Amino acid sequence: MAHFERLDAYEASRRPFLDVDIAGSLVYLDAGAGEVASTSLGLSFVLGLGAQNVCSLEGASARDALAATVSAARVTTPRGTSGASDTPPGSSLTLFVTRLVTDAHAHIVRAVTAHAATVRSVTIFSSVSEHAHACQAATELGAEAFSEYAAMLKDDLQASCTPTLTVRHLPMHVCALDASTCVLPAASAAAGLARSGGCAAGLSPPDARDMSAADGEGGQGGCALLAHEVAGLVQQLGAKMEVWALGPTSQMVAAEAVQLPLPLLPELLGRPTPTLGVILIDRFYDLVSPCSHGDHPLDAIMAATPRGAAASEFAAARASSGGSAFGSSGGGGAPTPVCEWRPAQPLAIVPVASPVPMELSNPGDRAAMGRVAQLVACKKGRDALTLLRRWLKESIRAERMTPSVRPKAGVAELINEIASLVSDLSRPPDAGPALPCTKTADASAPSERRSSSGGGLQLPLSTPGFTPSTPSSGCPALRHRGVLALAAAAVGASGGAAAHRWEAAGTLERSALAMLVQAGDTSGLASILIEAVGSASAGRGPLRVSDVLQILPYVYSLWGDAAPPQASGDSCVPFSQQEERDLLQAVGKATMASLANDDWAQQLDCFPPGTLAQLRGMCVQQGGEGRKAAQKEARAILQAFFTRLGHVARARLSLPSLRSLSVVDMFGDAPVTVMPLLRRLARACTQRTDIPDLVQTASSGALSGLISKGLAGFGRLGGMMGGGTQKRTQPWQCDAVLIFMVGGISASEVRGVRSELEDAVQKQGGEGEGVASGPQIMLAGTALVSPRDVACQLLVRKRGAAIGAV
């Protein structure tokens, strides 16, 4: 990208908000917009635009227009330091929504009605475009979707509440993890509704129903929404796209994306708009990488991130309304299920006077973002922990405090030392000894952070002039909150029962890798897995049934490396029919035994929360009918799970160049290691190597093709306007490459790609990522995923599945 500015995910996420006038307005963000603000904007940025208050849409109430508060449900701060405003409180409302407006309708009505006495104007900014709304039959909206919705909203409001209503499009597609990595908002429409094969899009091949929904122009399924989101993401980055795909769902999304009527981007300083080569990949081609239990603390931290309560309630509300806020599913069919993803912004519990949830990064704090980038760059887990200890000691010295422990050798001692340093730095001024930061404190589910309505807005509390109720602004913990949050999350993820489970799962994975790839012993591996699930069910050892279920996608995905070269067909899976039948039976028995025990929530925490609660409720009913119903439902879910695992096992068998993920090195630290598919693609792009497995999707229809040919006759002017451009046959021929994983990306994959880019720069003798001669490499995905997330998305019932007894 010699003559183009590097694309920046942070800048792209902020750019649309600079053209929005919210001065003096009460601002509401839905859960997805809150994620964008939390990861990419920061509270200070939103308030700097003139917002009167910033609140959660899901928890809207009349109190939001009053004095500044910090509550479990929302973060609100008056505009300016004096609290004065030129606009009466609540007279102007601005709502930012990442769901379909019809799905957010109930929350929108409640927010407007809460301020019925004062509201004069309401502006709704929707991340889903008007065209995307019109394509979704469930919305019951036409070509003028926004105007039609404004009229429907006006009809549903109270007669005494007649504000001016405006609905506009504002792209909010980017939750930036760093300048070159982003994911979609976990609670957005595209992330929640994009499905294939009955589960989250990218984790299973599409079925006939998915293909029918996407057929023709203006596809109406969730994958069509994902296509709009991908195209909008590229537009938000300030580029035009050419698309390649790997996998049936990705090809379906790509075919829809290239047909969308996108506005032309303005040229900057006479330079043409950069071309972004988008590579869409189905997640099920590589479940080894996201299901790995590595030793890096960031992997364990991401696995401990709480799943969004707002997404769960969104799923329940959509199911009860038949798929739409207006009570229709677009044809009278069953309601569309919603995928529940973890939010991209993890939380940590820091013991400051009382346990306080803190974000791990703050987009308004460059130092905090730099620390996260340094942790990501650490290749070994111990290096990351050592870095955290150093930052804690520097913070303690800055506060003229004395550490309560001395450094000792060993990883376990290092964790203990970090826990002690966290307690030292968390101590309020003149408040006596600090609360202990134990290894069992993890970042899993800070209930204080969420309201009873599940709307909790998660914005970093680091605004100038902002003084929360606890802890006090003079507390060292506030001044070093970024370091504290990272260290506390690492302590919670690296110690206690959760850490023992993680380590035991990693040991089992390494055994599976050696037996399957190096020794080819599938029978022995099946016996080990059956024994592991039995021991977990009986409570012997640190593993839980959930951990074994999370390892199964890892094992099946490795089959592409271990299968014979000529292997093919539906029966080509790692185990024989009898071995797989025995494994299914063992998992089924362990599931039912766990449902009957008191620790059912921990044993089966990889099941979708709603499904797990339903199974438990049926299992504890009086009499035998409830247990039989639970058996049938569990059997249907597990059968669908193993069917999808079969697709995963066969996914890479037909790929000529990307079939193998394992690397054998008898002289290395480990005889067999895994190179993630994302890293292999990044290496091919940096080395300008052709990737024959990718399918290029035509990016121009008949009309645009004729226009392009016509412009080619106008020489240089035609070239500047898009005519006579050279045909690109590989992504690396573009100015930049965006690898988008349909089904989510993991922290370990991001780390692996960054390491690959650093190696490429070093080989070229440059300094810094930008010196590499190849195109800029960017990463994106549906969500940020962990092993538990993958299993959770796969453990859903197949549409129309027959139910049998275990």
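Please read all numbers here as calculations on a predicted model, not as lab measurements.
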Practice item. Tell me yes or no: between the side chains of Asp282 and Ser250, is some donor less than 3.5 Å from an acceptor? Key: yes
Going by heavy atoms in the side chains, are Asp299 and Arg751 under 4.5 Å from each other? yes
- Task: Could you tell me whether the side chains of Arg680 and Ser657 share a donor-acceptor contact shorter than 3.5 Å?
- Result: no
Task: N-O pairing of Asp561 and Arg652 below 4.0 Å - done: yes
From the list Glu509, Glu503, Arg501, side chain to side chain donor-acceptor pair (under 3.5 Å) with His293 holds only for Glu509
| query | Is any side-chain heavy atom of Leu184 closer than 4.5 Å to a side-chain heavy atom of Glu229? | reply | yes
Q: For Glu579 and Ser523, test the side chains for any donor-to-acceptor distance below 3.5 angstrom and give the result as yes or no.
A: yes
Check: Going by heavy atoms in the side chains, are Gln730 and Arg688 under 4.5 Å from each other?
Finding: no
Discussion item. I'd like to know if the side chain of Ser755 pairs up with that of Glu758 as donor and acceptor (distance under 3.5 Å, no hydrogens or angles considered).
Written reply: no
4.5 Å side-chain heavy-atom contact, Leu738 and Ile279: no
- Message: For the residue pair Asp789 / Gln793, report whether a side-chain donor-acceptor contact shorter than 3.5 Å exists.
- Response: no
Output for pair (Gln603 CD, Leu549 CG), nearest 0.5 Å, gives 10.0 Å
Got Trp244 and Ile691 here, is their nearest side-chain heavy-atom distance under 4.5 Å?
no
Check your understanding: For the residue pair Phe284 and Tyr556, is the inter-centroid distance of their aromatic rings smaller than 6.0 Å?
Key -> no
For Ala257, the side-chain contact (heavy atoms from CB on, under 4.5 Å) test, sequence neighbours excluded, returns Ala227, Met241
Notebook entry, point to check: For residues Gln550 and Ser546, is any side-chain donor paired with an opposing acceptor at under 3.5 Å?
Noted result: yes
